[in-house]
Amino acid sequence: MRNILVTGGAGFIGSNFVHHVLETGDDHVTVLDKLTYAGNRASLEGLPADRLDFVEGDIADAALVDGLFAEADAVVNFAAESHNDNSLSEPRPFLDTNIVGTYTLLEAARAHGTRLHHISTDEVYGDLELDDPVRFTERTPYNPSSPYSSTKAGSDLLVRAWVRSFGVRATISNCSNNYGPYQHVEKFIPRQITNVLRGIRPKLYGAGLNVRDWIHANDHSSAVMTILDKGEIGQTYLIGADGERSNRDVVELILELMGRSRDDYDHVVDRPGHDLRYAIDSTRLRTELGWEPRFQDFESGLADTIAWYRDHEDWWAPAKDATEAFYAARGQ
Ligand code: NAD
Ligand code: DAU
């Protein structure tokens with residue numbers, strides 16, 4: 001039984017990962033989370049209290065982090081500012097958490113010799129043309145577009161440098177777009193589902209032809225555990241489940257699954273610098289570590305996600321009005 005320190009464990013993917021670890025094994029989890037607007041303790045309700053500790057704090061707080069690393073057998077870093085649209089209006093927190101925070105974790109890993117897995121994104125590779133058969137691989141050059149993705153790219157490069165220069169025992173994974181329960185209503189899929197539940201028309205940026213490569217958060221969790229257990233130190237693994245879909249297709253499917261007309265949505269102001277297409281080739285993770293996704297039926301995963309938001313209005317409602325006010329001010 002290990003003690004796994006999970007930073008950002010009250011966020012969307014971090015909380016899904018904590019559920020996964022506690023529900024599938026014997027490990028103990030300590031969550032370190034700053035509880036920004038994106039963190040929610042309610043996402044960890046119902047988990048076994050004797051195997052879960054929660055610490056409220058900042059990954060850039062070196063003294064706090066050092067003490068937690070001293071007690072940890074392994075660390076998985078999910079903590080980040082994660083939303084592109086926020087990074088376009090206020091980039092500074094992205095530098096503080098994604099860059100300085102990751103640096104702080106690396107220094108603690110170096111001091112204690114702790115195994116660290118760093119969670120990153122496919123957005124570090126920039127975007128692909130819509131009609132390009134190419135997908136991202138571990139060898140694709142970094143070419144981030146937004147303040148968010150550039151700070152994630154910077155954090156990855158720090159991890160690589162600390163591995164090479166100081167022998168830190170770290171791995172990196174870059175995953176595609178996740179969906180599932182506990183995702184903040186600022187993000188595309190929960191925003192549209194909760195809009196429909198509130199009687200608001202879904203909002204599609206621009207023409208809606210941009211493509212994202214969707215993976216269920218449960219598959220992201222199993223991939224991270226696989227890398228933590230079997231990954232080679234210093235290596236990067238891309239995580240994806242062959243789930244490419246245009247934003248327009250996703251909105252229309254949400255509307256259909258919720259019993260509304262497929263064209264009952266608005267086109268709104270596009271995102272500046274909007275990446276066209278992401279697509280992951282996860283061959284390395286599958287062939288070298290034997291991982292396979294298990295939740296590849298997007299339509300049924302989306303139906304389950306819609307049901308979850310329908311049943312958990314108490315979880316998302318407190319954030320909905322402020323989120324929509326933020327978007328309305330931007331014409332989105
Ligand atoms: P999220 O915004 O839902 O959660 C982030 C969590 O980190 C929140 O609980 C927040 O309170 C916490 N946090 C933020 N700053 C912190 C700090 N300084 N110290 C401690 N905690 C802090 O994000 P998410 O969507 O769950 O993403 C998690 C990770 O996965 C991020 O690194 C993100 O880049 C990466 N990622 C996300 C996706 C996706 O589709 N959402 C895809 C690939 C990779
Ligand atoms: O690819 C991985 C990335 O996926 C992660 O690194 C990010 O943390 C995560 O937020 C996500 O980034 P995106 O920018 O792709 O996700 P978002 O949910 O913000 O938007 C998905 C797509 O939907 C994108 O093309 C923009 C579009 N969109 C978004 C919103 C919120 C809309 O058309 N309408 C909307 O209301």
Side-chain angles (χ1 to χ4, degrees), residues 6-17 31-41 43-44 55-61 64-65 76-87 93-94 96-98 100-102 104-105 118-125 127 136 144-146 148-149 151-152 155-156 173-180 182-192 195 202-215 217 220 224 239-240 245-248 250-251 265-271 274-280 323-324 326-327 330 332:
V6 179
T7 69
F12 164 46
I13 307 174
S15 64
N16 275 284
F17 179 74
V31 168
L32 169 62
D33 197 294
K34 191 177 173 185
L35 294 182
T36 67
Y37 79 95
N40 193 339
R41 282 206 67 160
S43 305
L44 299 171
V55 178
E56 184 174 343
D58 193 330
I59 59 165
D61 179 340
L64 174 65
V65 163
V76 184
N77 177 33
F78 291 93
E81 287 293 337
S82 69
H83 193 39
N84 277 298
D85 292 322
N86 293 343
S87 81
F94 289 75
D96 293 337
T97 291
N98 300 358
V100 180
T102 303
T104 308
L105 299 177
H118 177 65
I119 302 294
S120 193
T121 168
D122 59 359
E123 294 194 19
V124 299
Y125 300 113
D127 60 353
F136 299 135
S145 313
S146 74
Y148 161 67
S149 54
T151 58
K152 291 298 293 185
S155 71
D156 293 5
S173 54
N174 299 77
C175 188
S176 61
N177 286 63
N178 285 220
Y179 74 101
Y182 303 113
Q183 187 169 29
H184 195 279
V185 290
E186 70 189 355
K187 302 297 197 306
F188 179 53
I189 287 179
R191 183 180 184 209
Q192 312 315 335
N195 275 355
K203 311 292 181 203
L204 198 56
Y205 293 175
L209 300 180
N210 309 61
V211 169
R212 295 295 181 264
D213 188 354
W214 294 100
I215 180 173
H220 192 175
V224 170
I239 305 173
R245 296 207 172 224
S246 75
N247 294 339
R248 195 170 66 190
V250 173
V251 161
Y265 60 85
D266 296 327
H267 291 278
V268 294
V269 175
D270 206 352
R271 175 184 284 171
H274 197 172
D275 279 341
L276 263 184
R277 170 174 162 252
Y278 307 137
I280 288 270
T323 302
E324 288 308 311
F326 168 85
Y327 283 125
R330 304 160 63 96
Q332 293 179 321

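First listed ligand is number 1; within each ligand, the first listed atom is number 1. Everything numeric in this text was worked out from a predicted model, so none of it was measured.
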Indicate, as side chain, backbone, both or neither, the part of [X] found under 4.0 angstrom from ligand 2 when only non-hydrogen atoms are considered.
X	answer
N247	side chain
K187	both
K152	neither
R212	side chain

Element-labelled atoms of ligand 2 that are located less than 4.0 Å from some non-hydrogen atom of [X]:
X	answer
Y278	1 (O), 15 (O)
Y148	5 (C), 6 (O), 7 (C), 8 (O)
E186	31 (C)
H83	19 (O)
N84	12 (O), 13 (P), 14 (O)
L204	33 (O)
Q192	34 (N), 35 (C), 36 (O)
T121	1 (O), 2 (C), 3 (C), 5 (C), 6 (O)

In terms of residue, atom name and distance, what is the protein heavy atom nearest to [atom]?
atom	answer
atom 33 (O) of ligand 2	Y205 N, 2.8 Å
atom 34 (N) of ligand 2	K203 O, 2.8 Å
atom 1 (O) of ligand 2	D122 OD1, 2.6 Å
atom 14 (O) of ligand 2	R271 NH1, 2.6 Å
atom 3 (C) of ligand 2	E123 OE2, 3.0 Å
atom 18 (O) of ligand 2	F188 N, 2.9 Å
atom 16 (O) of ligand 2	N177 ND2, 3.5 Å
atom 36 (O) of ligand 2	R191 NH1, 2.8 Å

Does some side-chain heavy atom of I239 sit less than 4.5 Å from a side-chain heavy atom of V224? yes
TODO: Please examine the side chains of F94 and S87, heavy atoms only from C-beta on, and report whether any two atoms are closer than 4.5 Å.
DONE: yes
Side-chain H-bond candidate by donor/acceptor type, [X] with [Y], under 3.5 Å:
X	Y	answer
N16	H220	no
Y265	Q192	no
D213	N177	no
S82	K152	no
Q183	N178	no
Y205	D85	yes

TODO: For the residue pair F188 and W214, categorise the inter-ring angle as parallel (less than 30°), tilted (30 to 60°) or perpendicular (more than 60°).
DONE: parallel
Minimum heavy-atom separation for [X] to [Y], with atom names?
X	Y	value
S176	I280	CB-CG1, 3.8 Å
S155	T102	CB-OG1, 3.6 Å
E324	N195	OE2-OD1, 3.5 Å
S149	V124	O-CG1, 4.1 Å

Taken to the nearest 0.5 Å, the spacing of I215 CD1 from Y179 OH works out to 9.0 Å
From the list N77, T104, D96, side-chain contact (heavy atoms from CB on, under 4.5 Å) with I59 holds only for N77
The protein residues that pass the under-4.0 Å heavy-atom test against ligand 1 are G8, A10, G11, F12, I13, D33, K34, L35, T36, A38, G39, G57, D58, I59, F78, A79, A80, S82, T97, I119, S120, T121, Y148, K152, C175, S176, N177, N178
What about the rings of H184 and Y182, do their centers lie closer together than 6.0 Å? no
Residues passing the ring pair (Phe, Tyr, Trp, His ring centres under 6.0 Å) test with F17, sequence neighbours excluded, are F78
Candidates S82, S149, G208, S176; heavy atom nearest atom 9 (C) of ligand 2 found on S82
Practice task
May I ask whether H274 places a heavy atom under 4.0 Å from ligand 2?
Solution key: yes
